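To start, the structure itself, in structure tokens.
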Amino acid sequence: MVQANKLATLGQVTAGVAHEINQPLATIMTLAQNNIRMGEDNSDLKEQNLNNIVKMCGRISTITGELRSFSRKSRGTIEKVSVAEVIDSSILLMKYRVKANKVKLIIETIAPNVFVMAEKVRFEQIIVNLLQNAVEACEKVEKPCVRIRFNEMDDFFEIRVSDNGTGIPPEVRANLFLPFNTTKPKGLGLGLVISSEIAREFGGKLELEDNSAETCFCLKLVRAVEA
Ligand SMILES: Nc1ncnc2c1ncn2[C@@H]1O[C@H](COP(=O)(O)OP(=O)(O)OP(=O)(O)O)[C@@H](O)[C@H]1O
Ligand SMILES: [Mg+2]
């Protein structure tokens, strides 16, 4: 089921990622055509173009690499993982959808040396699921806004993903973490079940926060000692 949710998610993010790749690709094409047109002249400019091409290729390979590692079956080893790294790569996968829906994404800053016990790809899967729900929930609001906040505790680390969207109807709320509970025409109703299952496997948990004006999910993971 974890893989089913991941493949469905992948299907949804791929269209966005394809756009994300198209942009540097178009730039590479233009730069390369310029170089051809210049023939023997302007070697400085040509070198600059080539450097930019290399940079753009690097960007594309980061994106495709991220997609590949996300689609791979994870090894299942729970180890020390950097929260900042996972947040960054999840956002890379979600960036286009966020932009396309004109969602304001506000992410609290976090030090790169904050670690939790998790497994990178499945941790990403949770964040992508939460972000997807959040973005989908604020599709029809006037000023869509999604926030990611962090809270350090003694033994745990909390990551909150909230949105100012439609909120969760009471009948959905009652069965929120049960499979196939969905209000979306194309939804599988697996995102939250899988995410909370993964969180439990990491020794943490995923909960809906009730005391918040926005819709807010709190992912609580075990802190890993720095070393
Ligand atoms: N941030 C949110 N705001 C409003 N409703 C939400 C939010 N997150 C989840 N829900 C509700 O909970 C339901 C279940 O969410 P879940 O992610 O498990 O499945 P889904 O999004 O419907 O499908 P998928 O399997 O593609 O994720 C959603 O259909 C939606 O009604
Ligand atoms: Mg979902």
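Quick caveat, the model's predicted, so the values are computed rather than measured. Hydrogens, waters and symmetry mates are skipped; everything else that's a heavy atom, side chains included, is used.
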I want to check something: taking the side chain as every heavy atom from C-beta on, are [X] and [Y] in contact at a cut-off of under 4.5 Å?
X: Leu192; Y: Phe217; answer: yes
X: Met117; Y: Phe202; answer: no
X: Ile87; Y: Ile127; answer: yes
X: Val17; Y: Thr64; answer: no
X: Ile106; Y: Ile148; answer: no
X: Asn101; Y: Glu139; answer: yes
X: Ser196; Y: Lys205; answer: no
X: Phe115; Y: Asn113; answer: yes

To the nearest 0.5 Å, what is the distance between [atom1] on [X] and [atom2] on [Y]?
X: Asp210; Y: Ile168; atom1: CG; atom2: CD1; answer: 9.0 Å
X: Met56; Y: Ser61; atom1: CE; atom2: OG; answer: 13.5 Å
X: Lys99; Y: Leu105; atom1: NZ; atom2: CG; answer: 12.0 Å
X: Lys55; Y: Leu31; atom1: NZ; atom2: CG; answer: 10.5 Å
X: Leu25; Y: Arg59; atom1: CG; atom2: CZ; answer: 12.5 Å
X: Ser195; Y: Phe123; atom1: OG; atom2: CZ; answer: 11.5 Å

Assigning hydrophobic clusters by single linkage (Ile, Leu, Val, Met, Phe, Trp, Tyr; side-chain heavy-atom cutoff under 4.5 Å), is [X] placed with [Y]?
X: Val172; Y: Leu178; answer: no
X: Tyr96; Y: Ile107; answer: no
X: Leu7; Y: Leu190; answer: yes

[X] side-chain N/O to [Y] backbone N/O, donor-acceptor pair under 3.5 Å:
X: Asn164; Y: Lys143; answer: yes
X: Asn5; Y: Ile194; answer: no
X: Lys46; Y: Gly39; answer: yes
X: Asp163; Y: Pro144; answer: no
X: Arg223; Y: Met153; answer: yes

Would you say [atom1] of [X] has more than 12 non-hydrogen atoms from neighbouring residues, nucleotides or ligands within 6.0 angstrom?
X: Glu79; atom1: CD; value: yes
X: Met29; atom1: CE; value: no
X: Lys104; atom1: NZ; value: no
X: Gln23; atom1: CD; value: no

State plainly whether the residues [X] and [Y] are in salt-bridge range, i.e. N to O under 4.0 Å.
X: Lys184; Y: Glu136; answer: yes
X: Glu108; Y: Arg147; answer: no
X: Glu201; Y: Arg122; answer: yes
X: Glu158; Y: Arg160; answer: yes

Looking at [X] and [Y], what are the two nearest heavy atoms and their distance?
X: Val86; Y: Lys120; answer: CG2-CG, 3.9 Å
X: Gly165; Y: Val141; answer: CA-CG1, 3.9 Å
X: Leu93; Y: Val128; answer: CD1-CG2, 4.2 Å
X: Val193; Y: Gly189; answer: CG2-O, 3.7 Å
X: Ile53; Y: Ala32; answer: CD1-N, 3.9 Å
X: Phe177; Y: Leu206; answer: CZ-O, 3.8 Å

(request) Given side chain to side chain contact (heavy atoms under 4.5 Å, CB included), test Val222 with Phe156 step by step and report yes or no. (result) CA-CA 5 Å; Val222 178; Phe156 286 94; 3.8 Å; yes
(request) Let me see the working for Thr215 and Leu208 under side chain to side chain contact (heavy atoms under 4.5 Å, CB included), right down to the final yes or no. (result) CA-CA 8 Å; Thr215 308; Leu208 173 70; 4.2 Å; yes
Flag for [Y]-[X]: side-chain donor and acceptor within less than 3.5 Å:
X: Asn129; Y: Lys6; answer: no
X: Asn35; Y: Asn49; answer: yes
X: Glu124; Y: Ser89; answer: yes

(request) Please test Gln132 against Arg97 for side chain to side chain contact (heavy atoms under 4.5 Å, CB included), starting from the C-alpha separation and ending with a verdict. (result) CA-CA 8 Å; Gln132 243 172 355; Arg97 280 199 83 186; 3.3 Å; yes
(message) Between Leu131 and Val146, does the side chain to side chain contact (heavy atoms under 4.5 Å, CB included) criterion hold? Intermediate values first, please.
(response) CA-CA 8 Å; Leu131 285 174; Val146 173; 4.0 Å; yes
